[in-house]
Structures are given as structure tokens and as C-alpha cells.
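One structure is given below, encoded as C-alpha cells.
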Amino acid sequence: MHKEIVVNDTPAETRIAILEDHKLVEVMAEAGEGGRIVGDIYKGRVGAVLPGMQAAFIDIGMEKSAFLHVSDMRDMVGSLVGADGLEVEDGKRPDAPSAPIQDLLKKGQEIVVQVTKEPISTKGPRVTSQISIPGRFMVLVPYSGTVGVSRKIESTEERDRLKEIAREVRPPWGGFIVRTVAEGASKRQIKRDAKYLTKLWRRVHADAEKAVAPSLVHREMGLTAGLVRDIFSSDVDRLIIDSRKGYKEIAAYIRMVAPELKSRLELHKDSAPIFDALGIEVEIEKTFRRKVYFKKGGYIVIDHTEALISVDVNTGRYTGKKNQEETILRTNLEAAREIGRQLRLRDIGGIVVIDFIDMQAESNRNKVVQELKRILSRDRARSKVFPIGELGLVRMTRQRVRPTLLHLYSDPCPCCDGTGKVPSLDATLLAIERAVRRIVTTRRDRKLDLEVSPEIAVHILTEQDSRLRQLERETGHPIEIRDNDNFDREEFRILSTRTGKELVSEVRND
């Protein structure tokens, strides 16, 4: 399978696309400031303990308190994790404590926690006190004697070799889990990674001891660096990035941890924006549509509700050439492949209910479920698929770590009280920036007029003026803002100041 990683790195936003066999399967985005918090470690203070839920709310200095369930705790909650004086038995896991949460935590108590799930909608972040620090080849688990190896490494001989190395380098106060990418790695590489992680944890622990709750103790790697660390391996054919600074940073990291991958790193030098040049931008825009069509005419409809995601499969104009059961099977198999792709692409998590077209033969129903599982086996997020039930529905769950693309790039519509979606202010501004960058690669108009809704004009001039000035410096094109009372939030028009000619138009024609 041909696999590529494409990075679009700008001051306002970093976007990463993963392509398999030249088909977009995953998109991740991170704002230039703030960004994601999964993996960050905080020293927090217990705000409330709820025995009925067996959970606690932890103040980590954010707008919403973090949620900590008793199953995400370890036995030694009262002290900071990872003290060098603690020794744990080889093979001991950091299992959840058997005592109820009210016996383990008290209001006002300080505790070190790590974010495992981003805040989504009205919910704050989810945290755990079972800290883990990922490296290139290993994951350090303080307060655990665990020495484990990724299940994806199938060779018994290789598993034993890696486990033996991990036992050699395991500190007395923690354990290691060997990652899939370590398969075939030398003993020297793994020991170097273990040394780095051990040193990093000692620093984190020292910072936690001195910190005043609530405060950030350790920030996880940024999106690009974390992705390079986690998935840029020998099975990736190419990593291409459009930022020279980012290219140099990744090249330096690769020289240190995986010099054999240096030839697979490329800098995008084309004048066209990287996502446009590779056809990715168009595919991303499609992810906001409810309907996804297949080549043969069938389609699926994806709807988001408060409790779950529903997916409906339809044959559409596809009628097939054989009997009806064969037509339905082909449509359902194609739908299973596309559903697996869309779940990854849209980063959909939680409960998903799929209404495949009814099939008479049980063997055909099993084929569809197996095909869905096969596609999901490529997914980095954990998922579980249940057999087709009595109502003909497939129920499944997918790990939810961060907000979906729909949530990231849209706000509830103020006109319909949240039943529909409109682009967020920043999403519209990003669309304008991309349009300007496209124009300057093909046009010679020195000065541009940008016509937008009053809401966007105020947003740019009062909150994003520095961003506009930076765009002008980067492109060498001064931009004049004009407001248009007839425009909605997502509408804009770019004109040549010299000729008055319309260069780009994103205006609805209702």
C-alpha cells in the first residue's frame, strides 16, 4: 500500500493529511496558537468528588474542569507520580484502585493528571492519573512495572527480543511499552529512546513538585512533530511539507532518530498551495456534506446527533446486472469501505449506528461486517464492531480523542438554534487566506479589495488585524477590507483594485 503524509504549515494553522493509495483517509488540524492538549500534563486541584458517579472534577486552570473517573486512577493518588525512590515489581500494571473514589480523593487535594481527551462541546477534558510519556520506539509508564510489546508485532522471536531489551532499560520506578515502529530497531536505538524518556520524566516530575496548582507541567509535542514521531516509519513512502522551517525541524529530528528516512522527506516548492496541488482541498470540503456518493451510484448519508452518529446506506441509481441480493451485497460492501474511510477522515468518535440495506443471506451479512472490520484495522483509533442485529443495524464504537472536523470548523447556526451549521469565523478567514494565496500565484494585480460580511470585517479588523498584515507581507499584496450588509458570514468576494474585476467569489445565489 502506497502511503503519504502531506503537511500544510502556516502561521495560522497546521493541517496534516494522510493518503493511502493516493486516497485521502485522515485529516488533522491544529491552530497556530493554543492547539490540542491531549498528552499535556497538569498539576491540578480537586474541585468536587462525586461518589454516585465514582468520578471527580479537577481544576487544571481551564474554563471547564477536567473529568477524572476512578477507572483512570492509580493506587498512589496522594503523591506526585514517578518518584525515583519507588520500586515496582516487573510485570505489575497500574490497575485502577479497588477503593471508592471518595476514599482516594478529597476536595482541595492536589494531583498530577494527563489529558486523554480534548474538551468537546459542553464537556471539559478527560484526564487520567496513569501518566504515559511516548517516545519514538517506547512509551514510558511511571509507577508501573509493565514491560509490554505492541500486539501488531507478530513475530514471537522479535517480541521476545524487544521485551528483553525493555527489561534491561526499565527504571526501578516505572515500565515500558514497546511500540510497533520498534520492530527491527537496533538495541542501541531503543536504549537511546529509553534514556531520553527517563530524562524527560525526571524533569517533568521535578517541575510538578515545584508547580503551584492549577498549572501546566508538560506540553506534548506539536501536531507535526508528534505525527512524525508516531507514524513516520518505513511503511510511509513520502512526507511532504510546504514550510521550509518545518522541513528543517523534521529533517533534524529524522537525522537523530531515523536517518534512513531522510530520502522520503520532501519540501513542496510548487507555487500552488500544497493541498490544492495534490487535490486534497476539494476532498476536505466534501467531508462537510451529509451525502457521500460511490462511483457506481450508491451513497451513504451521515447525520450527527447528540447521542450518536447515524449512517444510512442507499443503492441510489445503481441497479446492478444480476439478481437483487447480489446488487445489495455489492452496494453494502462498497458502503462498508467508504464508511471506514469517512470515520477516519471526519475523525468521528463515540457510538455509530449503520443501517445497511437488508440482505437475506446470513453469509452476505457476515461478509459486510468483516469488510468493515478489515478497513477499520488500518485506523489508529480503536474501534469495536458488533454483528448485524435483529433490526438489521450494525452498532459500533470508535475511540473519540478530539472534536470532529465538523465541530472544529463550524459553529451552531444562530438562525436555526443549532439544527444546522455555518463556517466558524476563523474557518471563513482561512478560506479567504487560501483564496488570496491562489490569486497571487496566477495574477499580477498589485492591490486587492476584499468584500466580506460586517461580522467578518469586524473580526478581521479588531481581532485578526496582525494576521491580515502578515498575509500582506507574505504575498506582497496590500488588501483593503470592505463590508457588505447583504453578505452572510461565509460569503466573500475578492476584486482587483486597479480594474474592479472580480477575481474570486464565494457568494450564495439563493
- Query: For R382, what residues pass the salt bridge (charged side-chain N to carboxylate O under 4.0 Å, His left out) criterion, not counting sequence neighbours?
  - Reply: none

- Task: Please examine the side chains of T146 and V141, heavy atoms only from C-beta on, and report whether any two atoms are closer than 4.5 Å.
- Result: no

- Answer yes or no: is there an ion pair linking D237 with K3, defined by an N-O contact shorter than 4.0 Å? no

- Task: Pick out which of Q399, R344, R341 makes a side-chain contact (heavy atoms from CB on, under 4.5 Å) with D379.
- Result: R344

- Message: Assess the residue pair L343 and I309 against the criterion (side chain to side chain contact (heavy atoms under 4.5 Å, CB included)); give the C-alpha distance rounded to whole Å, side-chain angles, the decisive distance to 0.1 Å, and a yes or no.
- Response: CA-CA 10 Å; L343 293 180; I309 307 296; 5.6 Å; no

- Message: Using only atom types and a distance under 3.5 Å, with no angle test, would you say the side chain of D193 pairs donor to acceptor with the backbone of R136?
- Response: yes

- Query: Within a radius of less than 6.0 Å around CD of E154, do more than 12 heavy atoms belonging to other residues, nucleotides or ligands occur?
  - Reply: no

- Message: Could you check whether K117 pairs with D72 (Lys NZ or Arg NE/NH1/NH2 to Asp/Glu carboxylate O, under 4.0 Å)?
- Response: no

- Query: Can you name the salt bridge (charged side-chain N to carboxylate O under 4.0 Å, His left out) partners of K187, sequence neighbours left out?
  - Reply: E168

- May I ask you to decide whether R374 forms a salt bridge with E371, counting only side-chain N to carboxylate O separations under 4.0 Å? yes

- Query: Quick check: are there more than 12 heavy atoms from other residues, nucleotides or ligands sitting under 6.0 Å from CD of E285?
  - Reply: yes

- Heavy-atom side-chain proximity of F176 to L197 below 4.5 angstrom: yes

- Could R378 and E26 be called an ion pair, given the rule that one side-chain N must be under 4.0 Å from one carboxylate O? no

- Query: Given side chains that start at C-beta, do those of I37 and E118 come closer than 4.5 Å, heavy atoms only?
  - Reply: yes

- Note on the structure: Rounded to the nearest 0.5 angstrom, the CD1-CG distance for I284 and N8 is 8.0 Å

- Query: Would you find a donor on one side and an acceptor on the other, under 3.5 Å apart, between the side chain of Q114 and the backbone of S132?
  - Reply: yes

- Out of curiosity, I41 CD1 to T128 OG1, how far, rounded to the nearest 0.5 Å? 10.5 Å

- Message: Are L227 and V7 packed together at the side-chain level, in the sense that at least one heavy-atom pair is separated by less than 4.5 angstrom?
- Response: no

- Euclidean distance, I339 CD1 relative to I300 CD1, rounded to 0.5 Å: 5.0 Å

- I254 and F232: which non-hydrogen atoms are nearest, and at how many Å? CD1-CE2, 3.2 Å

- Item | Sidechain-backbone polar pair: T116 side chain, R126 backbone, donor-acceptor under 3.5 Å | yes

- Side-chain ion pair, D347 and R398, N-O less than 4.0 Å: yes

- Report yes if some heavy atom in the side chain of V385 is under 4.5 Å from a heavy atom in the side chain of L376; otherwise report no. yes

- Message: Between R159 (side chain only) and I153 (backbone N and O only), is there a donor and an acceptor less than 3.5 Å apart?
- Response: yes

- Note on the structure: Heavy atoms of G246 and D9 approach each other most closely as CA-OD2, 4.4 Å

- Salt-bridge test for D230 and R179: reply yes if a basic N is under 4.0 Å from a carboxylate O, no otherwise. yes

- Task: For K43 and E209, work out which heavy atoms get closest and say how close.
- Result: NZ-O, 3.9 Å

- With sequence neighbours left out, which residue pairs that include part of residues 121-140 fulfil the ring pair (Phe, Tyr, Trp, His ring centres under 6.0 Å) condition? none

- Item | V292 side chain near R346 side chain, heavy-atom distance below 4.5 Å | yes

- Message: Quick check: closest heavy atoms across L372 and I354, and the distance to 0.1 Å?
- Response: CD2-CD1, 3.8 Å

- Task: Apply salt bridge (charged side-chain N to carboxylate O under 4.0 Å, His left out) to K286 and list each qualifying residue two or more places apart in sequence or on a separate chain.
- Result: E283

- Query: Once you round to the nearest 0.5 Å, how far does NZ of K106 lie from CD1 of I101?
  - Reply: 10.5 Å

- Message: Rounded to the nearest 0.5 Å, what separates atom CG in D40 from atom CD1 in I60?
- Response: 8.5 Å

- Might you point out which heavy atoms bring A99 and L104 nearest each other, and give the distance in Å? O-CD1, 3.7 Å

- Item | For F57, ring-ring contact (aromatic ring centres under 6.0 Å, His included) partners two or more places apart | F67

- Task: Could I get the full list of ring-ring contact (aromatic ring centres under 6.0 Å, His included) partners for H2, not counting sequence neighbours?
- Result: H22

- Query: Are there more than 12 heavy atoms of other residues, nucleotides or ligands under 6.0 Å from atom NZ of K64?
  - Reply: yes

- Task: Please lay out, stage by stage, how R161 and E158 fare under the test salt bridge (charged side-chain N to carboxylate O under 4.0 Å, His left out).
- Result: CA-CA 5 Å; R161 182 185 77 90; E158 179 67 0; 2.9 Å; yes

- Query: Are V311 and V301 close enough, and set up right, to give a side chain to side chain contact (heavy atoms under 4.5 Å, CB included), and what steps lead you there?
  - Reply: CA-CA 6 Å; V311 184; V301 181; over 6 Å; no

- Report the C-alpha separation of W201 and I131 in whole Å, then their side-chain angles, then the decisive distance to 0.1 Å, and conclude whether the side chain to side chain contact (heavy atoms under 4.5 Å, CB included) test is met. CA-CA 10 Å; W201 176 248; I131 311 295; 3.7 Å; yes

- Task: State, yes or no, whether a side-chain contact exists between D207 and H218 at a heavy-atom distance under 4.5 Å.
- Result: no

- Task: Walk me through it: do L425 and E455 pass the test side chain to side chain contact (heavy atoms under 4.5 Å, CB included)?
- Result: CA-CA 8 Å; L425 294 173; E455 185 182 25; 3.8 Å; yes

- R170 and V147: which non-hydrogen atoms are nearest, and at how many Å? CD-CG2, 3.6 Å

- Check: S233/D235 side-chain N/O donor and acceptor closer than 3.5 Å: yes

- Say whether S65 and D59, considering side chains only, have a donor N or O and an acceptor N or O under 3.5 Å apart. no

- Close side-chain approach of M138 and V178, heavy atoms under 4.5 Å: yes

- Query: Sub-3.5 Å donor-acceptor pair from the side chain of R467 to the main-chain atoms of P11, do we have one?
  - Reply: no

- Message: Can you tell me how far apart OG (S383) and CE (M396) are? Round to the nearest 0.5 Å.
- Response: 4.5 Å

